Amino acid sequence: MVFLQQLRGELGKLFARPRTWMGYGAFLAMEAVILAVYKLESSQRHMRGIVERNGLEFSTYYSSLTITFTIMLLSMFLLGSIYFALVAGDIVAKENEDGNLRMVFARPISRLRLLLVKYTAVCLYTFSFVFFVGISGYAMAVAAVGWEGGLFVMEPKMKVFAAYPDWWEGAGRLALSAAGIGISMITLSSIAFMFSCFKIKPAAATIITLTILFVDMILQGFPFFKPYESYFVTWRMSAWVFLMEQNLSWPKIIESYAFLIGLNFTLFTTGWMAFQTRDFKT
């Protein structure tokens, strides 16, 4: 109960900062732009060509579910990573910069417990933010094209293709993939959280995290790294797309998420060990 009270207080502090809400506004604006583009006749012709070349009916798969999947596929890694790194890189380093940690440690609380509370708050923020993007994107798509229709999935990079004509099945897979994205993006937040535990500025923790992410993505794009793509963090984070396959390959999915969970544990432990050696009293 005490941990939950501390977590509630930490979440209160987290959502009291204006930068925590910046991502919500940015995604709402981006979703509105994407929907406006989807309503253009040229965009519909392009979408019709892709769907019909695969032997499917355009009227069934030009739907709110398909648009929501596209929004999450195109935006979460590039735009979402900025706000996850900003919030997670800020949560410890900013309090140290403001001098709050000296007051916190005047109370009998261990450093491990403090970091566990903050890390749990970051994970909850990351996971809930992904579902906010999915729900808000779907609500806008319903307003634009209606709620009926199936789900069309095509991701050439991860070699995933699927079509779900039934709304309920498509919505279930979309919700499952949102949970997968949430777990994947916790890894990005974990990297930023680790650097936030170091003796650096909050902005530096955010910038270093984004640098690691983008360098990983760039190197993965080189053809001669193709045989080693499974060693890249961003490739493992993209494993949520496998949750959209009609025949789920659970060994492949479990392997990727076991890798990410192990990496998250390592990142948290590294941050905790660095945090333990720091002097906040002088």
Side-chain angles (χ1 to χ4, degrees), residues 27 30-80 127 130-185 217 220-221 226 229-230 234-257 260:
F27 267 91
M30 182 211 61
E31 289 166 357
V33 171
I34 291 177
L35 285 172
V37 172
Y38 256 90
K39 294 292 288 183
L40 297 176
E41 187 176 342
S42 58
S43 299
Q44 293 185 30
R45 282 200 305 267
H46 177 72
M47 181 69 180
R48 180 186 295 274
I50 294 175
V51 173
E52 292 182 349
R53 278 198 300 271
N54 288 279
L56 301 173
E57 187 177 353
F58 174 72
S59 60
T60 300
Y61 295 101
Y62 182 74
S63 65
S64 53
L65 292 178
T66 301
I67 294 175
T68 304
F69 169 77
T70 305
I71 289 173
M72 298 180 75
L73 177 67
L74 297 179
S75 64
M76 190 54 64
F77 264 64
L78 295 178
L79 187 58
F127 200 81
V130 172
F131 274 89
F132 166 80
V133 173
I135 293 171
S136 61
Y138 179 73
M140 286 189 178
V142 168
V145 301
W147 69 272
E148 295 180 336
L151 172 63
F152 176 75
V153 176
M154 188 170 70
E155 218 297 305
K157 180 183 174 182
M158 303 300 289
K159 300 181 177 62
V160 173
F161 175 86
Y164 301 96
D166 180 69
W167 184 91
W168 288 103
E169 188 177 11
R173 285 305 180 96
L174 197 60
L176 182 62
S177 70
I181 297 174
I183 297 173
S184 294
M185 297 308 291
M217 292 175 65
Q220 188 189 153
K226 185 68 175 178
E229 64 182 4
S230 62
T234 50
W235 189 90
R236 292 292 186 180
M237 291 172 66
S238 299
W240 68 269
V241 182
F242 297 143
L243 293 169
M244 305 299 293
E245 292 179 315
Q246 289 179 307
N247 297 314
L248 292 176
S249 177
W250 286 111
K252 182 169 57 177
I253 295 169
I254 292 172
E255 179 188 4
S256 292
Y257 281 108
L260 293 178

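Predicted, not measured: the structure shown is a model, and the values here were computed from it.
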Worksheet entry | Spacing of CH2 belonging to Trp240 relative to CE belonging to Met72, to within rounding of 0.5 Å | 6.5 Å
Discussion item. Using a strict threshold of under 4.0 Å (side-chain N to carboxylate O), is an ion pair present between Arg45 and Glu41?
Written reply: yes
Worksheet, complete the sentence: For Ser136, the side-chain hydrogen bond (donor to acceptor under 3.5 Å, both in side chains) test, sequence neighbours excluded, returns Glu31
Worksheet item: Who pairs with Trp147 by side chain to side chain contact (heavy atoms under 4.5 Å, CB included), at least two apart in sequence or on another chain?
Response: Tyr138, Val142, Trp167
Response to the item:
Contacts of Phe127 meeting ring pair (Phe, Tyr, Trp, His ring centres under 6.0 Å) (sequence neighbours excluded), chain-then-number -> Phe131
Worksheet, complete the sentence: Hits for side-chain hydrogen bond (donor to acceptor under 3.5 Å, both in side chains) against Glu155, two or more places apart or cross-chain, chain-then-number order -> none
Atom pairs and distances, donor-acceptor, side-chain atoms in residues 50-57, under 3.5 Å, two or more places apart:
| from | atom 1 | to | atom 2 | distance (Å) |
| --- | --- | --- | --- | --- |
| Glu52 | OE2 | Arg48 | NH1 | 3.4 |
| Asn54 | ND2 | Ile50 | O | 2.7 |
| Glu57 | OE2 | Ser59 | OG | 2.9 |

Worksheet entry | Non-hydrogen atoms of Leu65 and Gly170 that approach each other most closely | CD1-C, 4.0 Å
Worksheet item: Do Met47 and Thr66 have side-chain heavy atoms sitting under 4.5 Å apart?
Response: yes
Worksheet item: If you look at every heavy atom in Trp235 and Glu229, which pair is closest and at what distance?
Response: CB-O, 3.2 Å
Worksheet entry | Minimum heavy-atom distance between Pro165 and Ala163, given as atom pair plus value | CD-O, 3.6 Å
Worksheet item: Considering all heavy atoms of both residues, which atom of Phe27 and which atom of Gly80 are nearest to each other, and what is their separation?
Response: CZ-N, 3.5 Å
Discussion item. Just so I know, are the side chains of Ile71 and Met30 near enough to count as touching, which here means a heavy-atom distance under 4.5 Å?
Written reply: yes
Fill in: Set of residues satisfying side chain to side chain contact (heavy atoms under 4.5 Å, CB included) with respect to Tyr38, sequence neighbours excluded
Ile34, Tyr62, Ile67, Thr70
Worksheet item: Side chain of Ser256, backbone of Ile253: donor and acceptor closer than 3.5 Å?
Response: no
Discussion item. Run the salt bridge (Lys or Arg N to Asp or Glu O under 4.0 Å) test against Lys252 and tell me which residues pass, sequence neighbours left out.
Written reply: Glu245
Worksheet item: Can you check whether Ser63 reaches Phe152 side chain to side chain, under 4.5 Å on heavy atoms?
Response: no
Practice prompt. Just jot down the side chain to side chain contact (heavy atoms under 4.5 Å, CB included) partners of Ala36, sequence neighbours excluded, or say none.
Written response: none
Worksheet item: What residues form a side chain to side chain contact (heavy atoms under 4.5 Å, CB included) with Ala162, not counting sequence neighbours?
Response: Val153, Tyr164, Gln246
Worksheet item: When rounded to the nearest 0.5 angstrom, what distance separates CD1 in Ile135 from CG in Leu174?
Response: 10.5 Å
Discussion item. Using the salt bridge (Lys or Arg N to Asp or Glu O under 4.0 Å) criterion, which residues pair with Glu255? Sequence neighbours excluded.
Written reply: Arg236
Practice prompt. Check whether any side-chain heavy atom of Ser184 lies under 4.5 Å from a side-chain heavy atom of Tyr257, and answer yes or no.
Written response: yes
Discussion item. If I take atom CG from residue Leu260 and atom CE from residue Met185, how far apart are they, to the nearest 0.5 angstrom?
Written reply: 11.0 Å
Discussion item. Going by salt bridge (Lys or Arg N to Asp or Glu O under 4.0 Å), name the residues that satisfy it together with Lys159, two or more places apart in sequence or in a different chain.
Written reply: none
Practice prompt. For the pair Ser43 (side chain) and Val37 (backbone), establish whether a donor and an acceptor sit closer than 3.5 Å, ignoring hydrogens and angles.
Written response: yes
Worksheet item: When rounded to the nearest 0.5 angstrom, what distance separates CG in Leu151 from OG1 in Thr68?
Response: 9.0 Å
Discussion item. Checking Arg173 against Leu248 for the side chain to side chain contact (heavy atoms under 4.5 Å, CB included) test, could you report, in this order, the C-alpha distance in whole Å, the side-chain angles of both residues, the deciding distance, and whether it holds?
Written reply: CA-CA 11 Å; Arg173 285 305 180 96; Leu248 292 176; 3.8 Å; yes
Worksheet item: Side chains of Ser249 and Phe242: closer than 4.5 Å at any heavy-atom pair?
Response: no
Item to complete: Determine, stepwise, if the pair Gln220 / Lys157 fulfils side chain to side chain contact (heavy atoms under 4.5 Å, CB included).
Response: CA-CA 11 Å; Gln220 188 189 153; Lys157 180 183 174 182; 3.3 Å; yes
Worksheet item: Excluding sequence neighbours, so at least two apart, what forms ring pair (Phe, Tyr, Trp, His ring centres under 6.0 Å) with Tyr61?
Response: none
Discussion item. To the nearest 0.5 Å, what is the distance between CD1 on Ile181 and CG on Leu176?
Written reply: 10.5 Å
